[in-house]
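This report refers to the structure that appears directly beneath it.
Each residue takes its place number in the sequence, starting with 1.
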Amino acid sequence: QVQLVESGGGLVQAGDSLALSCVASGRTFSAYAMGWFRQAPGKEREFLATITWSGGRTYYADSVKGRFTISRDNAKNTVYLQMNSLKPEDTAVYCCAARRSLYTSRTASEYDYWGQGTQVTVSS
């Protein structure tokens with residue numbers, strides 16, 4: 001069992017940056033691929049970024065490529081999402097997810113554990 005707790009959300013202005021963190025419980029964090037997703041009111045959950053167990057490979061949605069960066073520190077059981085040049089349309093609840101696999105996925109249903117999420121609000 002893995003528990004995930006996100007932090008770092010908040011209210012920012014368009015163009016600002018924000019850094020999210022997701023801390024995982026358990027001793028096998030390095031065995032999981034990790035991902036970040038978001039969900040805005042009235043919209044479906046959206047894939048943002050994913051990272052392999054080693055951190056050696058990352059993949060991004062086109063909507064955030066070049067603005068968001070995913071990274072991880074296995075020694076700290078933590079995955080990060082650095083978000084730059086934020087836009088009002090980035091407003092959503094941001095969740096991290098863990099996939100019991102060495103390989104990443106862009107598909108939410110292929111993740112095994114989810115955090116509760118952290119709210120990010122970007123004002124214009």
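A donor and an acceptor atom, one from each side chain of Thr69 and Gln82, are nowhere located under 3.5 Å apart. Counting only N and O atoms by type, the side chains of Asp73 and Thr78 include no donor and acceptor under 3.5 Å apart. Between the side chains of Glu6 and Ser21, no donor-acceptor pair of N or O atoms lies under 3.5 Å.
With a 6.0 Å radius and a threshold of 12 heavy atoms from other residues, nucleotides or ligands, Glu89 has its CD atom above the threshold. Within a 6.0 Å sphere centred on CZ of Arg106, heavy atoms belonging to other residues, nucleotides or ligands number more than 12.
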Quiz prompt | Leu20/Trp36 under side chain to side chain contact (heavy atoms under 4.5 Å, CB included): CA gap, chis, key distance, verdict | solution = CA-CA 10 Å; Leu20 305 183; Trp36 282 97; 3.7 Å; yes
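Contact record, Pro88 with Ser124: CG-CB, 3.8 Å, taken as the closest heavy-atom pair. Of all non-hydrogen atoms in Met34 and Cys22, the two that sit nearest each other are CE-SG, 4.4 Å. Taking every heavy atom of both residues into account, Leu4 and Tyr113 meet most closely at CD1-O, 3.5 Å. Nearest approach of Gln119 to Thr91, heavy atoms of both residues: NE2-CG2, 4.0 Å. Smallest separation of non-hydrogen atoms from Tyr103 and Ala33: O-CB, 3.3 Å. Leu81 and Leu48 make their closest contact through CD2-CD1, 4.2 Å (heavy atoms, listed as atom of the first residue, atom of the second, distance).
Interatomic distance, CD of Glu110 versus OG1 of Thr50, reported as 10.0 Å (0.5 Å rounding). Rounded to the nearest 0.5 angstrom, Cys96 SG and Arg38 CZ are separated by 15.5 Å.
Taking the six-membered ring where tryptophan is involved, the planes of Phe37 and Tyr111 are perpendicular, since the angle between them exceeds 60° and thus also 30°.
Geometrically, Arg72 does not engage Trp53 in a cation-pi contact, judged by NZ or CZ lying under 6.0 Å from the ring centre and within 45° of the ring axis.
When atom types are taken as modelled, the side chain of Asn77 and the backbone of Ala24 share a donor-acceptor pair closer than 3.5 angstrom.
Between Asp90 and Lys87 there is no salt bridge, since no side-chain N of the basic residue sits under 4.0 Å from a carboxylate O of the acidic one.
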